[in-house]
Novice: 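To start, I am sharing the structure in question, which I have written as structure tokens.
Every chain is numbered from 1, with letters handed out A, B, ... down the list of sequences. Excluded from the calculations below are hydrogen atoms, water molecules and symmetry mates; all remaining heavy atoms, backbone and side chain alike, are included.
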Number of protein chains: 2
Amino acid sequence: MNERRVTLASVAERVGVSAITVSRALRTPEKVSPPLLEKIQRAIADLGYVPDPAARALASGRTNVIGVLIPSVTNNVFSDVLRGIYAAVEGEPFEIQLGNSRYSPVMEETLLRVFLSQKPAGLIVAGIDQSAASRKMLETAPCPTVQIMELGPDPIDMMIGFSHYDGAAAATRHLLETGSRYPAFVGARMDPRTQRRFAGFRDTCEAAGLFSEARCITTPAPSTVTLGTQLFADLIARHPKIDGVFCNNDDLALGILFEAQRRHIRVPADLTICGFNDLEMMAVAEPSITSVRTYRYDMGRRAIEMISARIRGGDGDTPAVVDLGFQLQPRQSTARAG
Amino acid sequence: MNERRVTLASVAERVGVSAITVSRALRTPEKVSPPLLEKIQRAIADLGYVPDPAARALASGRTNVIGVLIPSVTNNVFSDVLRGIYAAVEGEPFEIQLGNSRYSPVMEETLLRVFLSQKPAGLIVAGIDQSAASRKMLETAPCPTVQIMELGPDPIDMMIGFSHYDGAAAATRHLLETGSRYPAFVGARMDPRTQRRFAGFRDTCEAAGLFSEARCITTPAPSTVTLGTQLFADLIARHPKIDGVFCNNDDLALGILFEAQRRHIRVPADLTICGFNDLEMMAVAEPSITSVRTYRYDMGRRAIEMISARIRGGDGDTPAVVDLGFQLQPRQSTARAG
DNA sequence: CTGTTAGCGCATTCAC
DNA sequence: GTGAATGCGCTAACAG
């Protein structure tokens, strides 16, 4: 290290004012006379002063930390949300603290407690299935909180997401409308959102009298393209008549496409494939794959914006619940002779 | 909020000891008598006490924060590294602070200054092309630092990565050995690592007398599968004789595969495709795609381990530079008649 | 093994 | 518009 640490006091000394004035120059520059302000700013630049966040947090009782609690960092879906979050934070005086609950409610509680000990500026949590203890902590948290990914009946505070059930139902309807009579479901990592998508598939098929449990295959393992190939191989071996598959995400759908090609099953003539999330590559795959577009990036971005608005705007004009919706991207519409 | 904040003092009062004893029970339990320790631990649990990290940081002059400075959160490659980092941190008393330099040296310096103000436990930075100012900050940083992604001649402190040049050269040699006489290069987001890969391709082709600048197409835009389809379409329109493509990553390679299928170009009979990074899906694509496997997850995990070892082990036995290597995964070996 | 004293660097509250 | 006193919650260094 060069000299001693550069503190508020050392900047103050150099300019010939008191420390509190420098502090004000930093936080509320309009309350410092212009000439003084300029001198202080120059001194800060000269000395390379950077405020100590710990001291600031201790003295003020708050921080710029926004805690983000997600169940998985592996999952592609969350990485899009995180991109949105990081993009929105750029330029704002916030920093992100990530917590990975690994799909465990106990872990979620622990992490929440840790987050809260940091006196965060805001909290973002994935999903609506918090444990009672977690819910209570969030309800009494002295900061804005946003539940993301899903919509539900009683938001803790703010909420932004879409209906996984409806998205899956729309996709399944499309599958049936384009002629599938033996629709199948392929699912991995059966988390709450995946379960709701499955419910959307099941109910839609049942309404049409076309549901069969036997044509559904799921696993708790995380989704991969490879897993898609394997699950489809299992499924088609047992049920060769399958003519349409709804996958709980695009990785699986891509795997199914590859496996179908390998087996010379014509897509979409013999088999239509529908994914979920609409990854960028779905549109350019050969053939392109139907999917349900979801707005993951926007979800992250707007979650930050909601917190930000609440912090500065006081309150009132920020909508508490935002439905981002979804959009079916039909790409294999080969209506068969039913 | 329920009552007042639970502090060390309130725990101490409840047990009937002084605050410092509770502090010790937390950090160095072996220095507290067993019966007292147990009483303190119970009180902590009863009260739900969680230490205030800001106060701790201010008093001790250090934190558990490991700063991670990467040029992009969008890039798939970094998300694998981050997975490794988060996995390794699990169980360790560290927390991660992410910084996104957006490929800007100036931004990198700013972020470094912010990181340093937090008195981090360690620093991880991507690449070896830091600005002079950044280098100096890192060199004088009072914590272990690791440069990741690449290897280079003079490490600032520790370093873990592999040679992008050698990886690309190996892939290109394979391309030529399996019969490509009109090899092409497709690259996006030409960052320093991509540039070195391009150099590996160029030098290898030149050595074989098969390099042509005209068959190389690049763009500063970030890689996507869609971009791969477009770049390949451009390239093949201008140079129909192309019979092998080395892509600077797998997204592009996949796009090229799709575009080739669309145009009924037989892969690998008429065109061999080679990617870089060996994403999980490369092996199950139809046909599967040759790629260079790199150990991104391990890179993240071990970077944390290196820092951790340095912190506890004092120093000495931790290797300063780790070459993770790479491994060519040949998957389209159709030697043509040269 | 336990306690006392002091202070980390900053922001809050009140004076001026 | 500026400054002085005080304390945030914890830990370092020493004492006992």
Side-chain angles (χ1 to χ4, degrees), chain A residues 1 3-41 43-44 47-65 93 114 116-121 142, chain B residues 1 3-41 43-44 47-65 93 114 116-121 142:
Chain A
M1 305 240 67
E3 310 126 41
R4 271 185 56 193
R5 209 173 176 311
V6 182
T7 70
L8 259 194
S10 44
V11 177
E13 189 185 14
R14 184 179 229 253
V15 180
V17 295
S18 76
I20 187 62
T21 303
V22 180
S23 172
R24 271 196 280 257
L26 249 25
R27 291 173 300 116
T28 51
E30 70 278 10
K31 291 189 174 174
V32 176
S33 68
L36 225 191
L37 182 58
E38 198 192 347
K39 275 168 64 180
I40 291 175
Q41 284 169 338
I44 287 175
L47 266 42
Y49 167 72
V50 181
D52 180 330
R56 181 171 273 187
L58 188 56
S60 70
R62 47 205 157 70
T63 65
N64 296 136
V65 173
V114 172
L116 255 10
S117 79
Q118 314 207 24
K119 299 150 182 164
Chain B
M1 308 238 64
E3 310 127 40
R4 272 184 52 196
R5 209 175 176 314
V6 182
T7 69
L8 257 194
S10 43
V11 177
E13 189 184 15
R14 186 181 228 251
V15 180
V17 294
S18 76
I20 187 67
T21 304
V22 178
S23 172
R24 272 197 279 257
L26 251 23
R27 292 173 299 117
T28 51
E30 69 280 10
K31 292 188 175 177
V32 176
S33 69
L36 224 191
L37 182 59
E38 198 191 347
K39 275 167 64 179
I40 291 175
Q41 284 170 339
I44 288 175
L47 267 40
Y49 167 72
V50 181
D52 180 330
R56 182 171 271 186
L58 188 56
S60 70
R62 48 205 156 69
T63 65
N64 296 135
V65 173
V114 173
L116 255 11
S117 79
Q118 315 208 23
K119 299 151 184 163

Novice: Between B:L26 (CG) and D:dC10 (P), how many Å, whole number?
Specialist: 9 Å
Novice: Heavy atoms only, 4.0 Å cut-off, all strands: where does A:L8 land among base, sugar-phosphate and nothing?
Specialist: sugar-phosphate
Novice: How close do A:V11 and A:A43 get, heavy atom to heavy atom, and via which atoms?
Specialist: CG1-CB, 4.0 Å
Novice: Any heavy-atom pair between the side chains of B:P51 and A:S117 that's under 4.5 Å?
Specialist: no
Novice: Can you tell which of C:dG3, D:dG3, C:dG7 lies closest to the side chain of B:S18?
Specialist: C:dG3
Novice: The side chain of A:A59 is closest to which nucleotide in this list: C:dT2, C:dC10, D:dT2?
Specialist: C:dC10
Novice: Expressed as a whole number of angstroms, how long is the span from A:K119:NZ to D:dC8:P?
Specialist: 11 Å
Novice: Taking only the side-chain heavy atoms of A:A55 (C-beta and beyond), determine which of C:dG9, D:dC10, C:dT12 contains the nearest atom.
Specialist: C:dG9
Novice: Quick check on DNA chain C: between B:V17 and B:S60, whose nearest nucleotide comes earlier from the 5' end?
Specialist: B:V17
Novice: Atom CD of A:E13 to atom C1' of C:dG9: distance rounded to whole Å?
Specialist: 15 Å
Novice: B:P29 and B:L37: which non-hydrogen atoms are nearest, and at how many Å?
Specialist: O-CD2, 3.9 Å
Novice: Going by the salt bridge (charged side-chain N to carboxylate O under 4.0 Å, His left out) test, which pairs reach into residues 53-64 of chain A, not counting sequence neighbours?
Specialist: none
Novice: Can you measure A:I40 atom CD1 to C:dC10 atom C1' for me and round it to whole angstrom units?
Specialist: 15 Å
Novice: Would you mind telling me which of D:dA4, D:dA12, C:dC10 lies closest to the side-chain atoms of A:D52?
Specialist: C:dC10
Novice: Could you tell me how far apart A:I20 (CD1) and C:dC14 (C1') are, to the nearest whole angstrom?
Specialist: 12 Å
Novice: How does DNA chain D look in dot-bracket notation if pairs are Watson-Crick or G-U with both distances under 3.5 Å, crossing ones as [ ], other-strand ones as |?
Specialist: ||||||||||||||||
Novice: Send over the distance from B:R62 CZ to D:dT11 P, rounded to a whole Å.
Specialist: 9 Å
Novice: Quick one: A:K31 NZ to C:dC14 C1', roughly how many Å, whole number?
Specialist: 13 Å
Novice: When all nucleic acid strands are considered with a 4.0 Å heavy-atom cut-off, which category describes B:R24: base, sugar-phosphate, or nothing?
Specialist: base
Novice: Minimum heavy-atom separation for B:T21 to B:V32, with atom names?
Specialist: O-CG2, 4.2 Å
Novice: What's the closest nucleotide to the A:S23 side chain, out of C:dA11, D:dC10, D:dT2?
Specialist: C:dA11
Novice: D:dC8, D:dT11, D:dG3: which one has an atom nearest the side-chain heavy atoms of A:L58?
Specialist: D:dC8
Novice: Given D:dA4, C:dT2, D:dT2, which nucleotide is nearest the side-chain atoms of A:S33?
Specialist: D:dT2
Novice: Keeping the roles fixed (side chain from B:T63, backbone from B:A57), state whether a donor-acceptor pair exists under 3.5 Å.
Specialist: no
Novice: A:Q118 CD to D:dC10 C1': how many Å, rounded?
Specialist: 15 Å
Novice: Among D:dC10, D:dA12, C:dC10, find the nucleotide with the atom closest to the side chain of A:T7.
Specialist: C:dC10
Novice: To check you understand the geometry: which heavy-atom pair defines the closest contact between A:L8 and A:A19, and what is its length?
Specialist: CD1-O, 3.9 Å
Novice: Do B:L36 and B:V17 come close enough that some side-chain heavy atom pair is under 4.5 Å?
Specialist: yes
